Participant: 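The structure that follows is given in the form of structure tokens.
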Amino acid sequence: MCGIVGFIGQEKASDVVIKGLERLEYRGYDSCGITFYNPNESKFVTNKTTGRVSKLLNENDYPDNNHLAIGHTRWATHGVANHSNTHPHYSMNDRFVIVHNGVIENHKELVFKYLPDYKFRSETDTEVIVNLIEKFSKELSVLEAIRKTISLLEGSYALLIIDTQDTDKLYAVKNKSPLLIGESDKGIILGSDVLAFVNYADNYYLLEDNSVITVEKINEKYNFEIFDTIGLKIEKPEKHPMDFVTDELDKAGFEHYMLKEISEQPAVVRKIMSEYMDGNDLKINYKVKSLFEGVNRVYILAAGTSYHAGLIGRVYFEEIAKIPTEVFIASEFAYNEPLIEPNSIFVLISQSGETADLRACLVNVREQGFKTLSITNVPTSTLAREADQTLNIYAGTEIAVASTKAYIGQIAVLAILSNCLSKQHSLDLVSEMSRAAVSMENIVDKRDYIEEVVQKTIKGDHCFYIGRGIDYFVSLEAALKLKEITYIHTDGLAAGELKHGPMALIEKDVPVIAIISQDHINNNTRSNLEEAKAREAKPLVISLDNTSKGNDEIVLMDVHRLLSPLVTIIPAQLIAYYKAIDLGVDIDKPRNLAKSATVE
Ligand code: M6R
């Protein structure tokens, strides 16, 4: 995880970098730091904080004429979140400064073999890199020293490097961790995500793995060059315009991004319909469709919320498209591969398109010759670029760490794809999805009511969501939302499993929330809820009009039973949101987490 940003040019570099880091805080926010060149005192200055990026700006002074800076926002992997572990890191003799996103797996071996006499100031793996560069630069040019260093590294790394002896140059390296270049007339910016470039770049470039970049002034203008690991110059990649909707990056009057993004969900469904449907025709690219020709089995791989969307995708592939499907957690599949049916396709689902666990799977299954399709929210992401084909979920930038609208987008796209692959087009998607969007809107509009329900029901340190079939899969996601942003221990359970163990945890007033959207298991789930009530649990039911009974607390407008996850998850998202408000925690940036998990 972690976010890095660097700038060299004619703007106030510290402002560009700090603004960029603020936009990248979703990648980690344990601590942050910046190094910039102060031309007035002819020296490099480093500021660090274990607080948020805004502190870097508010608690320090930056001269207007600083033109070179690198910065980092950290999700701790090696060493706790303290000042010395915070990036940027200096080499032992202070010649080089570095920021790093990624993990160096062999850092201990490298210290033992190459740096036994070096003194380290942090517990990070990063310090090894900067010290190797310093050591090798004694006999090699800086570029050669960087190349020699990376030839020894095992792991993932996006690096920005300053040589303090050359204030007009910036170096960068990309391997397995994301890094992009942005350019404008005023300078060159490098960062982990194009979001960091908003307002500072006109165009951006995506980099391939094993790229080494130099940025320097040529004819009064800063320019960049890209080399491979043996030093050969590589042609610049395709230039992309920065055609961003910057409104998306603001809260639009909402108190939190999470609530804004929950509210946007009906619009996401409508946007997806407009992108993938033309009346009753489905506009899925024929190349995507043809990937499924002759396929006997679908393997869905994903993590976290995307994995929960994948579980629903399995229902769609099997019930609608009639293709047997299995779903795996990416980090499990990566190192414990099952016996794979030969005529299979791998569908990788990821909001960010950068999750390292998934990338490892993608590389692996591609090497084995399997067909791959990614479903992501970022069409320029690594998974979108490296899979055979990709489908965009059109959810718009999702900023809150807790994923909401991306989940909805993934489910909607999976429903459309499955229907497109179905011989009978068994679902009338136009009317059913439109109806789902209206039902979603209804519950978003009645969110004050959910706030009241939360006040009455969600108390204590434990909570359970239960459901059967598709409702069970939604329960998993509902539980993840609540635990992720409130820190209340919450489990999502198959309702029938309560009595097989978890019931031992039920005591007076522990909330048990049943999701009931499927007629055929309505009574079964209700019986399981009764069993919990008999142990003094606090019950709460989320149902649809046609599955509701008596005093159900949250009853949603009916939708097609297969599309119910689009609707039943929304009260659960709102329950998590309002409980987090009640507890006064940081909703958009829950502790210990980051939005993009770019380490395995
Ligand atoms: O970007 P991805 O969809 O690959 O991310 C996977 C998970 O890290 C992510 O869904 C995570 O579980 C969310 N923060 C949950 O809200």
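Numbers here are sequence positions counted from 1. Only a predicted model underlies this, so the values are computations on that prediction, with no experimental measurement involved. When a ligand or atom number is given, it counts from 1 through the structure's own listing order.
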Participant: Going by the rule side-chain hydrogen bond (donor to acceptor under 3.5 Å, both in side chains), which residues pair with T525 if we only count those two or more places apart in sequence or in a different chain?
Facilitator: none

Participant: Please list, chain by chain and in numerical order, all residues satisfying side-chain hydrogen bond (donor to acceptor under 3.5 Å, both in side chains) with Y26, sequence neighbours excluded.
Facilitator: D193

Participant: Is a side-chain N or O of N175 found less than 3.5 angstrom from the main chain of S156, in a donor-acceptor match?
Facilitator: no

Participant: Non-hydrogen atoms closer than 4.0 Å to ligand 1: which protein residues do they belong to? List them by chain and number, please.
Facilitator: A303, G304, T305, S306, S350, Q351, S352, T355, V401, A402, S403, L480, K481, E484

Participant: Would you please name every residue forming a side chain to side chain contact (heavy atoms under 4.5 Å, CB included) with E275, sequence neighbours left out?
Facilitator: K271, Y394

Participant: Please say which of E264, E398, E261 ends up in a salt bridge (Lys or Arg N to Asp or Glu O under 4.0 Å) with K405.
Facilitator: E264

Participant: Name the one of K589, K19, K55 that satisfies salt bridge (Lys or Arg N to Asp or Glu O under 4.0 Å) with E25?
Facilitator: K589

